[in-house]
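Letters go in sequence order (proteins before strands), and every chain restarts at 1. Since the model is a prediction, treat every value here as computed from it, not as a measurement.
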Protein chains: 2
Amino acid sequence: MTDSQAGAKAKPRGGGKRERLASAAAEVFHHQGVERTTLSDIAQAADVPLGNVYYYFKTKDQLVEAALGAHRDRLSGITGRLDRLPDPATRLKALIAGWVEQREVAARYGCPFGTLAAELDKREDGLDQAAAGVLRGLIDWAEGQFRQLGRDDASDLAVELVAAYQGMSVLANALREPEVMTRQGRRLEEWIDTLARSGPAGA
Amino acid sequence: MTDSQAGAKAKPRGGGKRERLASAAAEVFHHQGVERTTLSDIAQAADVPLGNVYYYFKTKDQLVEAALGAHRDRLSGITGRLDRLPDPATRLKALIAGWVEQREVAARYGCPFGTLAAELDKREDGLDQAAAGVLRGLIDWAEGQFRQLGRDDASDLAVELVAAYQGMSVLANALREPEVMTRQGRRLEEWIDTLARSGPAGA
DNA sequence: GTCTATAGGGTGATAGAC
DNA sequence: GTCTATCACCCTATAGAC
C-alpha cells in the first residue's frame with residue numbers, strides 16, 4: 001500500500017518482525033482490549049523495541065487493522081480445514097466443537113472477533129465497521145453449509161448459529177464459567193443433528 | 001426527587017447532580033465505551049462543571065460503579081413491571097418484545113449490560129467482575145419464569161435465553177442491522193410458545 | 001533498517017478560592 | 001457545597017543518531 005509493492009514479495013524484511021507485531025497485537029488486544037493496550041505492550045509482547053514499531057506501522061490504528069488481518073487469516077485457516085470434512089453437518093459440528101475447545105480462553109477474554117468488533121463499534125472513525133467483515137465471513141461460510149443441507153432459510157440459520165456463539169461467549173466471559181460453552185455447545189450440536197435429520201426443508 | 005429526600009440518608013445533595021452524573025455516565029459509557037469516555041464528556045452530558053465531578057465521585061472507577069447501579073435499577077424496574085403480567089410465558093415474551101423494541105439502540109451501541117461487561121472483563125482490578133452481577137440478575141429472573149413453567153432445566157434455559165439476547169445484540173451491532181433483533185426475537189418468542197405448550201417437562 | 005530520546009497532547013486528579 | 005485553575009503523568013508519535 002505505502003511502498004512500491006504490497007504483494008507477498010518486495011516488502012522490506014526484518015526477520016518477520018512485522019508478522020510478529022501483527023499477531024502480538026491481535027493477542028494483546030484480545031486480552032486487554034484495544035484502548036487499554038499501549039504500543040509499548042505490543043512491542044514487548046513481540047520482543048521489538050518500542051520506537052521500531054513505527055517503522056512497520058505508522059499509527060496504532062494500522063496495528064488494529066493488522067490484527068484484524070491476522071484474525072481473518074486464522075478464520076480462513078479454520079474454515080479451510082473444515083471444508084475437508086465429508087458433509088455439512090459434520091463440518092458445522094466440528095466448528096462448534098472448536099468453540100467449546102476454546103472455552104477457557106472464551107471464559108477469560110471472550111470471543112476474539114466478537115470483543116474486538118464490540119470495542120471498535122464504539123468508535124466513529126472508519127475502523128468502527130472493519131471488524132464486521134470478519135464476522136460476516138464466518139456467517140457466510142455457515143450459510144453455505146446450511147444451504148448444502150438444503151435449507152431455504154440458510155441465511156437466518158447462519159445468523160442464529162453465530163449469534164449463539166457470540167452469546168455464549170459473552171456469558172461465559174462475564175460469568176467466568178467455561179461450562180456455559182460446554183452446555184450451549186452441546187445444545188447447538190443437537191440442534192444441527194435435528195436440522196440434518198429433518199432433511200431438505202424451508203423455515 | 002429534588003433535594004428534599006436524597007434517599008433516606010443524610011447524604012450531601014446538590015440538586016440531584018449525583019444522580020444526573022450517574023445516569024449520564026451510564027449513557028455515555030454505553031455510547032462511547034468506558035475507556036474512550038473522559039470525565040469531561042460525562043460532566044458535559046450531565047451539565048455539571050468538570051471539577052465538580054470529583055466532589056461526588058472520587059475516581060472514574062466510582063463513576064463506573066455508579067453506572068452499574070443505574071443499570072441494576074433499570075433492570076429491576078423492568079422485571080418489576082413484567083412481574084405484574086399474568087403468566088410466565090407472557091412475561092418472558094414481553095421481555096423479548098422489549099429487546100426488539102430497543103433494536104435501533106442495540107444495532108448502534110449493543111446491549112448496555114453486555115458491552116459494559118465485556119469491556120470491564122478486560123480489566124484486572126476489582127471491577128472486572130462487577131458487571132457480571134447485573135447479567136446474573138437477569139438470568140436469575142428468567143430462571144424463575146422457566147421454573148414456573150415447570151421446567152427442571154430452568155437454569156440452562158435461562159442461560160440460553162440471555163445468551164441469545166447477547167448474541168443477537170452483538171451481531172446486530174457489528175453488522176449494524178436492527179433486523180437481526182427482529183428476526184431472532186420472533187424466533188425466541190416461538191421458542192417460548194413451544195416450551196409453554198409442551199407443558200411441565202424436564203430437559 | 002534499527003533503535004533512542006524526546007516532543008507534544010490529552011486525561012485523571014488535586015488544591016484551594018468563593 | 002460549588003467551581004476554577006492547574007498539576008503530574010502517560011501515551012502516541014516524531015526526529016534523528018547509528
Side chains of A:Val28 and A:His31: does their closest heavy-atom pair fall under 4.5 Å? no
Once rounded to the nearest 0.5 Å, what's the spacing between atom CZ of B:Arg74 and atom OG1 of B:Thr79? 11.5 Å
Under the side chain to side chain contact (heavy atoms under 4.5 Å, CB included) test, which residues partner B:Asp61, sequence neighbours left out? B:Thr59, B:Arg123, B:Asp125, B:Leu127
Rounded interatomic separation in angstrom, taking CD from A:Glu35 and C1' from C:dT11: 13 Å
What is the distance from CG of A:Asn52 to C1' of D:dT12, rounded to the nearest Å? 16 Å
Who pairs with B:Glu119 by salt bridge (Lys or Arg N to Asp or Glu O under 4.0 Å), at least two apart in sequence or on another chain? none
Anything under 3.5 Å between a protein N or O and an N or O of nucleotides 7-9 of chain D, put it in a table, one pair a line.
none

Which pairs would a plain distance check flag for residues 99-111 of chain A, meaning a side-chain donor or acceptor within less than 3.5 Å of a matching protein atom at least two apart in sequence or in another chain?
{"residue": "A:Arg103", "atom": "NH1", "partner": "A:Val100", "partner atom": "O", "Å": "3.1"}
{"residue": "A:Arg108", "atom": "NH1", "partner": "B:Asp121", "partner atom": "O", "Å": "3.1"}

Length of the line joining B:Leu21:CG and D:dT2:P, which is rounded to integer Å: 11 Å
Protein proximity profile, nucleotides 13-18 of chain D - base contact B, sugar-phosphate-only contact S, no contact -, cut-off 4.0 Å on heavy atoms: BB----
Taking only Lys NZ, Arg NE, NH1 and NH2, and the carboxylate oxygens of Asp or Glu, determine whether A:Lys122 and A:Asp128 approach each other closer than 4.0 Å. no
C:dG12 P sits how many Å from B:Gln62 CD, rounded? 14 Å
At under 4.0 Å, does any side-chain N or O of A:Tyr56 touch on OP1 or OP2 of C:dG1? no
Identify, with sequence neighbours excluded, every residue that meets side chain to side chain contact (heavy atoms under 4.5 Å, CB included) alongside A:Ala67. A:Ala25, A:Ala26, A:Phe29
Just N and O in the side chain of A:Tyr55: are any of them under 4.0 Å from OP1 or OP2 of C:dT2? no
How many Å lie between CZ on B:Arg20 and P on D:dT2, as a whole number? 10 Å
Identify the heavy atoms of A:Ser198 and A:Arg151 that sit nearest to each other, and give their distance. OG-NH1, 3.7 Å
